Structures are given as structure tokens and as C-alpha cells.
Novice: 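Shown below is the structure under consideration.
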Amino acid sequence: MNAGNRPKPRQAIAAMPQYSSAAGASQVTWRASSNESVVAPSPGVLDAIARAGATAHLYPSLLGDGLVADIAARLHVTRRQVVVGAGSLALLQQALSTYTGHGTEVVFGWRSYEAYPILAGVAGAIAVPVPLDTDGAHDLDAMLAAVTPSTRAVIVCSPNNPTGTEVGRDSLEAFLDLVPSTVLVLMDEAYQEFSARPLDGVALLDAYPNLAVFRTFSKAYGLAGLRAGYMVTSEQIADSVRAASPPFGLNAVAEAAARAAWMDPSYIARVVQLVAEGRDRLRAGLAERGVHTPASGGNFVWIPLPDGARELGTGCLARGVSVRVFDGEGVRVTVGERAAEDAVLAAVDDLAATAPARLRM
Ligand SMILES: *Cc1c(COP(=O)(O)O)cnc(C)c1O
């Protein structure tokens, strides 16, 4: 067959960057590259998974009714305000494809979650990345200035992946007061549970009907492998996103696991504690070595290293730990596992001994 006669994807898809997966998985002792929980699911969650597996020949409820009810009750919102799906990534995708499209623009801080430009592109929209400020935090004034009549959505990620920085509630409200009410604001709160002062977008929903909050069971709840997340927003936005979403978006096993995890505060408390200790330990160890990092509200630490990110990533791998490398920018390390943090510090010492200039910030 003539190569020219094949089906062609839309131009935006053909030009799309690919998601990167955790590097060098075979030589890795500790995975610190994907912000997964360092604690396996609790026995209660494993039991719920097994029980749900026994009826896997049956369809789940159309909209994940059981999990929706649990979330609505705890967060004091109506069930109609909650949409669940196969990870918050899927829900972000569904919201963007519902509210944006060809010729429209999606504004977000950058660097941030690598999915945003991809999701905007898949929806057919133009990605408008707005550089973070010099502290690695969202520059809300610059983001506001980037909003044009073509803007249909703005994404705010707090704590921000990968820098860990957080948007303050006052600055967020001042920002929301100025964003046109016709623009959908997506608050990505994937790391909310790890923050000492979490920005609670759900508490702002009554004041800002153009707001949608996205959270996940993949990080603090330890269910990354099962794919479960939720969106809380106005009833009208939720109705529209549901209308545009595939039915049975949350599988029965993931729903059962998420419901059990939702009701298990001791697991979250333990993970959050391990993460808080790990963040402090790793940041202190790095500071002792002259490597200064921004305070992080997530389960990871950002090491800004424009000259040595790749080298530090290679060095960490040699010490048995995979980290996330952003070439020319820095390295993101998931925390909570003391041995992995020690390995990263040892890799920094290696680099200081062999190529100290690489550690220049
Ligand atoms: C991990 C992550 C998500 C969510 O992932 P899912 O596993 O799809 O729920 C969303 N946003 C950010 C910023 C993340 O880091």
C-alpha cells in the first residue's frame, strides 16, 4: 500500500508530544519518578478489590453512583455536582473537550503538569503556557493577562507539579474575581492532601460558578494503578461534562477500592506523615549541600538544576532510584522512602565530587 494512502490523524495530534514513562525501570530499586504513594493499599482496600472482582462479569453503575454519593456527603455538595472517572486526567480531558475546541485557547502555568498541552491539543484547542515566576510559582497576573476573547479555560495547578509551589487563597480569589465568568477555571488539586495549608477549591464553588476542582485517588489514596479521580463543580458544568463523557467511565473494581480508601483515614494520615518527613529530610539534606529547593506542598521535591538535571538523573539511577528529569530545568523526586532520599543525596555528593559546576542553580 502507498504510504500516502493511510488514515491521517488531525494535524494537532500528529504534532503532539508523547507522554514520557518512568525511565530505566529495570535497574530501579526505588521509583521516585511518578509521585506514586510509597505505601501499598491497606488490607481493607485489598479486600474490597477482591470482592468487587467476584462480580466483574457485571457492568458497574453508569456514573459511579456509590462513590459519587460518598464524595458528595463528605464534601457537603450535591451528588449532581460530582463526576467520577478513570483518573483526574480523564476528567480534565473530558472537561476540556466539553468547553474548548478548535480556535479556542487554554491558559495554564508552565512548567506544570505535562498533560496540559497534550489535553488542550487533543481537544483541538491552542495551548497557552504562561511561565512560572522565578520562585517556580504560578504568575497569576501574567496568566490573567494571557486571557483573550478566545480563552475558554484556565488551569491552575496547586500544589504545582513539578515545582510543589502553592497558590494562596487570597491571590486565587483576587484572580477568580477578574477572570471572565464565561471562562472555565480548572483547579487541579491532585496533591491537595499533602499540603499543610491546602487550597480548598470546593469551598469556593458557591462564589465562583465557573470553577471546577479535580482530585485523584492516585496519589495520597495510593490507587494509581486502578485509575480513579473526581471532579466537583457547579451542577450545570457537571451535567455538561457528564453528557460528553463515556458511560461506565469508572470500573467496578476501581470504584470499590476508592470507596474503601475514602473511608480509611488512617492510611492517608500515614502516607501524609511519611511524605511530610521525607520532604523535610530531603530538602534539609540538599540545603546542607548548597542545593536550595522551593517549599513543596506535594509528595515530591523540585530540585532546580538548569545545568545538571540530566546528570543528576543518571546519577540517581546509578544509585538505584528513578527520578523525573526535566532536561535543562531540574529534577523532581517523589518522597516518603528514606532509603530513596538517601540515594538521591548520595547522587548529589557524587556529582559534587565529579562535576561541581553541574550543581549550579
Ligand atoms: C498525578 C496527577 C494527576 C492525576 O492523575 P490521575 O492518576 O489521572 O488521577 C493530575 N494532575 C496532576 C498535576 C498530577 O500530577
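Order of appearance sets the numbers: ligands from 1, and atoms from 1 within every ligand. Given the structure is predicted, the values throughout are model-derived calculations rather than measurements.
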Novice: For residues 310-345, pull every pair meeting ring pair (Phe, Tyr, Trp, His ring centres under 6.0 Å), keeping only residues two or more places apart or in separate chains.
Specialist: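 Matches after skipping sequence neighbours: Trp302-Phe326.
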Novice: For the residue pair Leu204 and Glu173, establish whether any side-chain heavy-atom pair is separated by less than 4.5 Å.
Specialist: yes
Novice: Using a 3.5 Å distance criterion without hydrogens, assess whether the side chain of Ser33 forms a donor-acceptor pair with backbone atoms of Arg324.
Specialist: no
Novice: Closest non-hydrogen protein atom to atom 8 (O) of ligand 1, residue and atom name please, with distance?
Specialist: Arg227 NH2, 2.7 Å
Novice: Have a look at Val82 and tell me which of Val202, Val68, Asp70 forms a side chain to side chain contact (heavy atoms under 4.5 Å, CB included) with it.
Specialist: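 The passing option is Val68.
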Novice: May I ask which of Ala228, Pro159, Ser88, Gly87 has a heavy atom nearer to atom 4 (C) of ligand 1 than the others do?
Specialist: Ser88
Novice: Record the part of Leu89 in heavy-atom contact with ligand 1 below 4.0 Å; permitted values are side chain, backbone, both and neither.
Specialist: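 Leu89 to ligand 1: contacts from backbone and side chain alike.
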Novice: Met263 vs Arg74, test: side-chain contact (heavy atoms from CB on, under 4.5 Å). Steps then yes/no.
Specialist: CA-CA 10 Å; Met263 296 304 178; Arg74 162 115 35 108; 4.1 Å; yes
Novice: I'd like to know whether ligand 1 has Cys157 as a neighbour, heavy-atom separation below 4.0 Å.
Specialist: yes
Novice: Quick check: Phe108 with Tyr113 (ring centres under 6.0 Å apart)?
Specialist: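 Tyr113 vs Phe108: aromatic centres not under 6.0 Å.
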Novice: Under the side chain to side chain contact (heavy atoms under 4.5 Å, CB included) rule, collect the residues that match up with Ala212, sequence neighbours excluded.
Specialist: Leu184, Phe214, Met231, Thr233
Novice: Which protein non-hydrogen atom lies closest to atom 9 (O) of ligand 1, naming both residue and atom, and how far is it?
Specialist: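 Residue, atom and distance for the closest contact: Thr216 OG1, 2.5 Å.
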Novice: Note the single closest protein heavy atom to atom 2 (C) of ligand 1, along with its residue, its atom name and the distance in Å.
Specialist: Lys219 NZ, 2.4 Å
Novice: I'd like to check which ligand 1 atoms, numbered from 1 as shown, lie under 4.0 Å from a non-hydrogen atom of Ala190.
Specialist: 2 (C), 3 (C), 10 (C), 11 (N), 12 (C), 14 (C)
Novice: Considering distance alone, does some N or O of Tyr116 sit under 3.5 Å from an N or O of ligand 1?
Specialist: no
Novice: In the protein, which heavy atom is nearest to atom 12 (C) of ligand 1, and how far is it?
Specialist: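 Its nearest protein heavy-atom neighbour is Asp188 OD2, 3.4 Å.
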Novice: Between Tyr191 and ligand 1, which residue portion shows a heavy-atom distance shorter than 4.0 Å: side chain, backbone, both, or neither?
Specialist: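 Just the side chain.
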Novice: In plain terms, say whether Arg51 and Asp47 are close enough for a salt bridge, that is, a side-chain N and a carboxylate O under 4.0 Å apart.
Specialist: yes
Novice: For atom 7 (O) of ligand 1, which protein heavy atom lies nearest, and how many Å away is it?
Specialist: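 In this structure, atom 7 (O) of ligand 1 has Ser218 OG, 2.5 Å as its nearest protein heavy atom.
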